[in-house]
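Below is one structure; the comments refer to it alone.
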Amino acid sequence: MNNDEERTQSGVVELPSPTAWPMVLALGLALICTGMVTNVVIGLLGLLLFVWGGIGWFLQVLPHEQHVEVPVLNEEIEIASSRRLKARLPASDMHRKILPIETYHISAGIKGGIAGGIAMIVPAALFGLIRYHSIWYAANLLAAGGFVSWIGASDAFLSQFHMQGLFAAIAIHGLTSLLVGLLYGAVLPMYPRYPIVTAGLVAPLLFTGILHSALGVISPILNQRIDWFWFVISQVAFGLVCGFVVNLHTRVRTAQFRALPFAVRAGIHSDFAARNDPAEKADKKDQAQ
Amino acid sequence: MATQTPVPAVLDQTTSTACRPMWLEVLHDWVTTVDHKKIGLMYIGYALLFLVVAGFEALLIRIQLAIPNNTFVSPQVFNRLFTMHGSTMIFFVAMPVLFGFGNYLIPLMIGARDMAFPRLNAFSFWVSAFGGLLLYFSYFGGSGLYGAGSAPDVGWWAYAPLTAKAFSPGHSTDYWTLAILLSGVGTIGTALNIVTTVICMRCPGMKLSRMPLLVWIYLVMSLMAFVTISPLTAAQIMLMLDRYLGSHLFDTQAGGSAVLWMHFFWIFGHPEVYILILPAFAFANEIIPVFSRKAIFGYPAMVAATVGIGFVSLSVWAHHMFTVGMGAGANTFFVFSSMTIAVPTGIKIFNWLATIWGGKIRFTTSMMFAIGFLFQFLIAGLTGIMLAVAPFDWQLGNSYFVVAHFHYVIVGGILFMLFSAFYYWYPKMTGRMLSEKLGKWHFWLFLIGFHLTFDIMHIPGILGMPRRIYTYEADRGWMIWNLLVSSGAMIQTVGVLLFVYNLVRSYFKGAVAGADPWDGWTLEWSTTSPPPSYNFAVIPSVGSRRPLWDLKHPEDPDNNYE
């Protein structure tokens, strides 16, 4: 039994004794400040109170902290809910989302992003080569979003090699590729049925649509000069390669897996397969109707 | 079926025949108290007092701006009004009222008898209170021997070189500096107390993973206060050195840097916004689940988002300085860091919505203010993201658009949630319920007034009206907007007066609250209302994040799921 319980049972609780010394110390400090903008006498008074308050406070806690014993009167309080519990209605699983019980490790997304980013360079460079006879055009165009002074740059300027442009393009392209790769790693397990269509077509088209509406704000120069046909091709290249690399990796189990019954986790009963079986879902739907 | 579980607790059995204490005894009791609850109430009371003062200053500002070419107050008085309004609201209203709630609630929620350092707690309160008094004493003493100026008039940022001796003779700026310095000492003291209390004084069973989210958030907020108040205090001392000992730290003509002051100020100033909004989040985390009758959605994500906001908010300060000309690199960094903070904040918004979703919502006044907070804080966040884009900020920086944005955060976010907290915890603090009928009137009046004022305030900003402008010509096209904004301020004032009336009336005539009027789940509802000085006769022991749920529903306790 600790001291607290002993004291409670004896009917008292020890609390720190009330004291004015902290207030005196604070007043002293405030008066020292006030003295700096009014009169030195007030500052001296503040100093006096400050020292006095400090000593008083010191004696409050040393050699022994001063306490008061407050009497405790025990009485029972009812801790009760004012609400009634109702029996839960059986919930249909028709509208419940089934979260993936397996997903990819974070490194799969990173590797996919790197591979997709490299693959994307090929159509981008091809575009520059065919249209402007320069493999640097696409990189410089991407970099121009980060350089205010490049806003009015000519096509000839953008077709030349610029070291800073290359670094900026690598930074922008690298970061974006990694982030999109991570997104692929997170999203693909949620759409397990048609990974190639999802990764190689749906996601690139969605991303292109979002970028089409936002590019005017993000990078006006890129918006003016972008060729959307080639952009879609490079996005599809990214999506196919990134999706392929991500899909190569072995999946890891998520927290959802731990929530499954032991029989399912142990592989004795395959509940997961049943939940994902379209035929069984259709049967359940028929029964519900 | 309702369940009942008796637990040992304590009732104040002071008989009604006991002698009423003399007023001097009452005064002595409050001046010498080291009880966290009384100190919390003193913080709240003193903040409400300053709220009335700073609110009155805001009204005078709005009267001056309601019509063009107005001379309701002089330009000099106008400068003092916006300086005192801003400084008071941040340092002597928002900070103390939030610390007041923290002081009152944290020990109760973690099952402790008091804060870790009760005397330091009292000292922190008193030094902050004297700081506020010193600031307002400037109206009497600010002229000093020079006869120049009275209250400070340099804005709450106090940018250099406005604060230099040449442009601010007399002592008005010194009063501001010293008052803020004293307030900073109090803030550090209270932050130290909160951190120590939370780390060392939790009751048995209350692991960090079972701590109420309010306590988690106050812990993060207090840690942030350590990091951010220090540069502000350092800057105040440096400013005093410039003004009195001949240093030139912020004197650009002698090799100093005015931008240095900006960095010092905003490395405090922007995290300060999060120091203020985090407790509002804390209140939402406690109130929304109780009135949705559901446990908070995504507790670990909420904790992670809080810590994330704490970290990221320390790296966004220079988005207040886009117009200074920092260069593309710095601008880009602060654009991205400012936008990044929307991620953890968004997580919180989604989690609150998910908590409400499918719940059995009780539309009490407290919940209505909380729902208002959710919508308004979202809009405030969106205009914040707009202003985080450097080119957008170049167009609208220092305009009334910015004023509207941060008032949306502070009034639409923090103040709404504070009102919600008042309606929720007033019964615990006083033992009486606030009138719901008056509360609903308060809510609707304040909501209408708020939107009339701060929605419309964005428009003159977009039309080019600069902040801190004394008056304007009639041909600018700003009059109708300003008139509407000022009308909204009047409606808000009526709402606040109704709230104050409700506070006073309910204290004497409100319905008796009982220990647990909201069917709550955290420990403060397991003791009497108001709690005895020792909080709990027996230190409680908890087994989940909702200990009272466990007691009320022993057949289905939370620790089965956590």
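Please read these numbers as outputs of a predicted model, since none were measured by experiment. Every chain is numbered from 1 and lettered A, B, ... according to where its sequence line falls, protein lines coming before strand lines.
Your options are A/Pro71, A/Ser17, A/Cys33, and the one with the most heavy-atom pairs under 4.5 Å with chain B is A/Cys33. Of all the listed residues (B/Asp29, B/Leu120, B/Thr177), the one sharing the greatest number of non-hydrogen pairs under 4.5 Å with chain A is B/Leu120. Note on B/Asn121, B/Leu134, B/Val185: by heavy-atom pairs under 4.5 Å with chain A, the leading option is B/Leu134. Of all the listed residues (B/Thr33, B/Leu178, B/Val127), the one sharing the greatest number of non-hydrogen pairs under 4.5 Å with chain A is B/Leu178.
B/His171 and B/Tyr175 have perpendicular rings, their planes meeting at more than 60° on a 0 to 90° scale where under 30° would count as parallel. Ring orientation note: the planes of B/Phe125 and B/Tyr46 are nearly perpendicular, at an angle over 60° on the 30°/60° scale.
A salt bridge links A/Glu65 to B/Arg119: one of the charged nitrogens lies within less than 4.0 Å of a carboxylate oxygen.
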What donor-acceptor contacts under 3.5 angstrom involve side-chain atoms of residues 138-147 of chain A, with partners at least two apart or in another chain?
from: A/Asn140; atom 1: ND2; to: A/Trp136; atom 2: O; distance (Å): 3.3
from: A/Asn140; atom 1: ND2; to: A/Leu158; atom 2: O; distance (Å): 2.6
from: A/Asn140; atom 1: ND2; to: A/Gln160; atom 2: O; distance (Å): 2.6

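A donor-acceptor pair is defined here as one N or O able to donate and one able to accept, closer than 3.5 Å; such a pair exists between the side chain of B/Asn535 and the backbone of B/Ala112.
By the 6.0 Å contact criterion, NE2 on A/His67 is enclosed, its count of non-hydrogen atoms from other residues, nucleotides or ligands being greater than 12.
The contact between B/Ser533 and chain A is made by backbone and side chain atoms together, counting heavy-atom distances below 4.5 Å. Contacts between A/Trp21 and chain B at a heavy-atom distance below 4.5 Å are absent for every atom of the residue. Heavy atoms of A/Val61 lying under 4.5 Å from chain B belong exclusively to its side chain. Both the backbone and the side chain of B/Ala122 come within contact range of chain A, each with at least one heavy atom under 4.5 Å from a heavy atom of that chain. If you measure heavy-atom distances from A/Leu25 to chain B, the contacts under 4.5 Å come from both the backbone and the side chain. Heavy atoms closer than 4.5 Å to chain B are found nowhere in A/Leu31, neither backbone nor side chain.
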Worksheet item: Do B/Phe322 and B/Trp394 pass the ring-ring contact (aromatic ring centres under 6.0 Å, His included) test, and can you show the C-alpha distance, the side-chain angles, and the key distance before you say yes or no?
Response: CA-CA 7 Å; B/Phe322 284 145; B/Trp394 293 336; 7.7 Å; no
